[in-house]
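Working notes, beginning with the structure itself.
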2 protein chains.
Amino acid sequence: MDHALVSPEHPIDAETIAAERPGDHRAELRLWLRLLTCTTMIEGEIRRRLRRDFDVTLPRFDLMAQLDKAADGMTLSDLSKRMMVSNGNLTGLVDRLVASGHVARRASETDRRAQVISLTDLGRAEFRAMAEAHEGWIAEMFAGLSRDRVERLMELLARTKNSVREASRDA
Amino acid sequence: MDHALVSPEHPIDAETIAAERPGDHRAELRLWLRLLTCTTMIEGEIRRRLRRDFDVTLPRFDLMAQLDKAADGMTLSDLSKRMMVSNGNLTGLVDRLVASGHVARRASETDRRAQVISLTDLGRAEFRAMAEAHEGWIAEMFAGLSRDRVERLMELLARTKNSVREASRDA
DNA sequence: CGACTTTACTTTAAGCTTCAAATATCGGCT
DNA sequence: AGCCGATATTTGAAGCTTAAAGTAAAGTCG
């Protein structure tokens, strides 16, 4: 189904590709779809396993992961930037994590608008257990890639990130 | 901060990497986070632009994109598999698209359980306009990657996809 | 045929997510 | 001091998403 518009009955060689008409961006489009598929598959699998083994949602895990890296806690705005989600989103997520005793809010000492969020002992303990399993799952899912390919993929994605940032800047 | 535990003060060469302790999967973890960041950035930008220029949500666009590829329409199950979202999700999404006149439901002629969803003329026309802009946006975002790098990334992601599928099969 | 399993879809509850609007505070500037 | 634009957060409305449970129709097989 993928190559429907690119002569599926003929092999696609370098010549064919080089003969692309200007303004044809099907390659990039396919690349994006493949990138999206990979991410969706991995994310879905992680979500399922987190629920199955720890009865936790992915957003809760993600938020705790950010907090685990910041011993002194972070503000909602920091979290929002790092997690790339909206501010309003975090309000509710943090509310629920406070309710379940995994994170704590305290007022910022320097800015009366802000509050600092941090993991409770319970939250940290539970997160550490989940994180260990999580790392194993990720390793499993990338097990089919040699160390060398992992490195190359990493590098290409770094370039992608820069390219996207560039394009988004002057939207 | 990245290789903090892998002797940051010394250059990291092939030997150092090869000397990783077994059970250390930090490289894969970082790769996953980078992959996720790329996807999130692109997805967010596409979402913003679709809303800004066409007042449409990404899920609606995605669903119409699937239908545009299937002249005769698809069942909800087909859509569910292709879009990798749950069945229940689609029920509501299709409901809203029917309400706005972009897609139509009809009963399957061969299976009384199933219904076939297809684009209306309105839906197709609007989708085509959006799709053209969308392709341009994607091209923009990947503009920083040479054709060669696009090809290599595509190939590495194909391997990733296979690796993930393998790992998910016997979850 | 009739029991059983699978498949197609809907419904419900809970949670996630965004955008936009509102509130409060901050920081710089005059 | 006082104004003003930026920042931190919350709220509300709408829509998205999943998991789980339920209904109905197909397919399978003895």
Side-chain angles (χ1 to χ4, degrees), chain A residues 36 39-41 43-64 73-100 102-103 105-117 171, chain B residues 36 39-41 43-64 73-100 102-103 105-117 171:
Chain A
L36 182 57
T39 300
T40 304
M41 286 173 70
E43 206 172 58
E45 191 63 23
I46 296 295
R47 186 195 315 279
R48 266 187 293 283
R49 296 189 188 192
L50 280 175
R51 179 179 298 270
R52 182 194 62 188
D53 295 353
F54 299 101
D55 192 33
V56 77
T57 64
L58 185 51
R60 287 171 74 103
F61 176 80
D62 285 344
L63 195 150
M64 289 192 271
M74 308 172 68
T75 66
L76 283 178
S77 295
D78 289 341
L79 281 169
S80 169
K81 276 165 206 140
R82 298 242 192 179
M83 297 175 68
M84 295 190 282
V85 302
S86 66
N87 263 328
N89 190 353
L90 283 179
T91 297
L93 194 47
V94 169
D95 282 350
R96 286 184 290 274
L97 279 163
V98 168
S100 64
H102 291 83
V103 314
R105 298 177 127 118
R106 66 173 189 276
S108 164
E109 289 164 10
T110 56
D111 186 336
R112 264 186 299 175
R113 294 167 304 177
Q115 45 186 291
V116 181
I117 315 296
Chain B
L36 182 56
T39 299
T40 304
M41 286 174 71
E43 205 172 58
E45 191 64 22
I46 296 295
R47 186 194 313 280
R48 267 187 293 283
R49 296 188 189 193
L50 280 175
R51 180 179 298 270
R52 182 193 63 188
D53 295 352
F54 299 101
D55 193 33
V56 78
T57 64
L58 185 51
R60 287 172 72 103
F61 176 80
D62 284 344
L63 195 151
M64 288 192 271
M74 310 172 68
T75 66
L76 283 179
S77 295
D78 289 342
L79 280 170
S80 170
K81 276 165 206 139
R82 297 241 193 183
M83 297 175 67
M84 294 191 282
V85 301
S86 65
N87 263 328
N89 190 353
L90 283 178
T91 297
L93 194 48
V94 168
D95 282 350
R96 287 184 291 274
L97 279 162
V98 167
S100 64
H102 292 84
V103 315
R105 297 178 127 117
R106 66 172 188 276
S108 164
E109 290 165 9
T110 56
D111 188 336
R112 265 187 298 175
R113 293 168 304 176
Q115 45 186 294
V116 180
I117 315 296

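None of the values given here were measured: they were computed from a predicted structure. In what follows, chains are A, B, ... by sequence order, proteins preceding strands, each numbered from 1.
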**Item:** Single hit among A/Leu93, A/Asn89, A/Val94 for side chain to side chain contact (heavy atoms under 4.5 Å, CB included) with A/Leu76
**Value:**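 Going through A/Leu93, A/Asn89, A/Val94 one by one, the side chain to side chain contact (heavy atoms under 4.5 Å, CB included) with A/Leu76 is satisfied by A/Val94 alone.
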
Under 4.0 Å: is that the gap between some side-chain N or O of [X] and OP1 or OP2 of [N]?
X	N	value
B/Asn87	C/dA8	no
A/Arg105	D/dT10	yes
A/Thr57	C/dC16	yes

**Prompt:** Is it true that B/Asp95 and B/Arg105 make a salt bridge, defined as a side-chain N closer than 4.0 Å to a carboxylate O?
**Reply:** yes

Look for any protein N or O under 3.5 Å of an N or O in nucleotides 26-28 of chain C and output each such pair with its distance, or none.
| unit_1 | atom_1 | unit_2 | atom_2 | d |
| --- | --- | --- | --- | --- |
| C/dC26 | OP1 | A/Arg112 | N | 2.9 |
| C/dC26 | OP2 | A/Arg112 | NH2 | 3.4 |

Do [X] and [Y] have side chains that approach each other closer than 4.5 Å (heavy atoms only, starting at C-beta)?
X	Y	value
B/Glu43	A/Thr39	no
A/Arg51	A/Arg47	no
A/Leu90	A/Leu63	yes
B/Asn87	B/Thr91	no

**Request:** Consider the side chain of A/Arg51, meaning its heavy atoms from C-beta on, and name the nucleotide among C/dT10, D/dA19, D/dC16 that approaches it most closely.
**Result:**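 Of the options given, the side chain of A/Arg51 lies nearest D/dA19.
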
**Prompt:** What's the closest nucleotide to the B/Pro59 side chain, out of C/dT10, D/dT17, C/dG15?
**Reply:** D/dT17

In whole angstrom, give the distance that lies between atom [atom1] of [X] and atom [atom2] of [N].
X	N	atom1	atom2	result
B/Leu50	C/dT17	CG	P	19 Å
A/Met84	C/dT18	CE	P	11 Å
B/Leu93	C/dC9	CG	C1'	15 Å
A/Met64	C/dC16	CE	P	11 Å
A/Arg47	C/dC16	CZ	P	10 Å
B/Leu79	C/dC9	CG	P	9 Å
A/Gln115	C/dT25	CD	P	13 Å
B/Glu43	D/dT17	CD	P	9 Å

**Asked** What is the distance from atom CG of B/Asp62 to atom CG of A/Leu36, rounded to the nearest 0.5 Å?
**Response**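 If I round to the nearest 0.5 Å, the distance is 7.0 Å.
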
**Item:** Closest-nucleotide ordering on DNA chain D, the 5'-leading residue of B/Asn89 and A/Ala114
**Value:** A/Ala114

**Asked** In terms of the nearest nucleotide of DNA chain D, which residue is placed more toward the 5' end: A/Leu90 or A/Arg48?
**Response** A/Leu90

**Request:** Determine the contact category for A/Thr75: base if any of its heavy atoms lies under 4.0 Å from a base atom, sugar-phosphate if only primed atoms, P, OP1 or OP2 are that close, otherwise nothing.
**Result:**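 Counting heavy atoms under 4.0 Å across all strands, the contact made by A/Thr75 is with sugar-phosphate only.
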
**Message:** Any base atoms under 4.0 Å from A/Ser77, or only sugar-phosphate, or nothing? Heavy atoms, all strands.
**Reply:**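 Sugar-phosphate only.
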
**Message:** On DNA chain C, compare the nucleotides closest to A/Gly92 and B/Gly88; which residue's is nearer the 5' end?
**Reply:** B/Gly88

**Fill in**
Whichever of B/Lys81 and B/Asp95 has the more 5' nearest nucleotide on DNA chain C, that residue is B/Lys81

**Message:** Looking at B/Thr75 and B/Val116, would you say the former's side chain and the latter's main chain have a donor-acceptor pair under 3.5 Å?
**Reply:**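 No; zero donor-acceptor contacts below 3.5 Å.
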
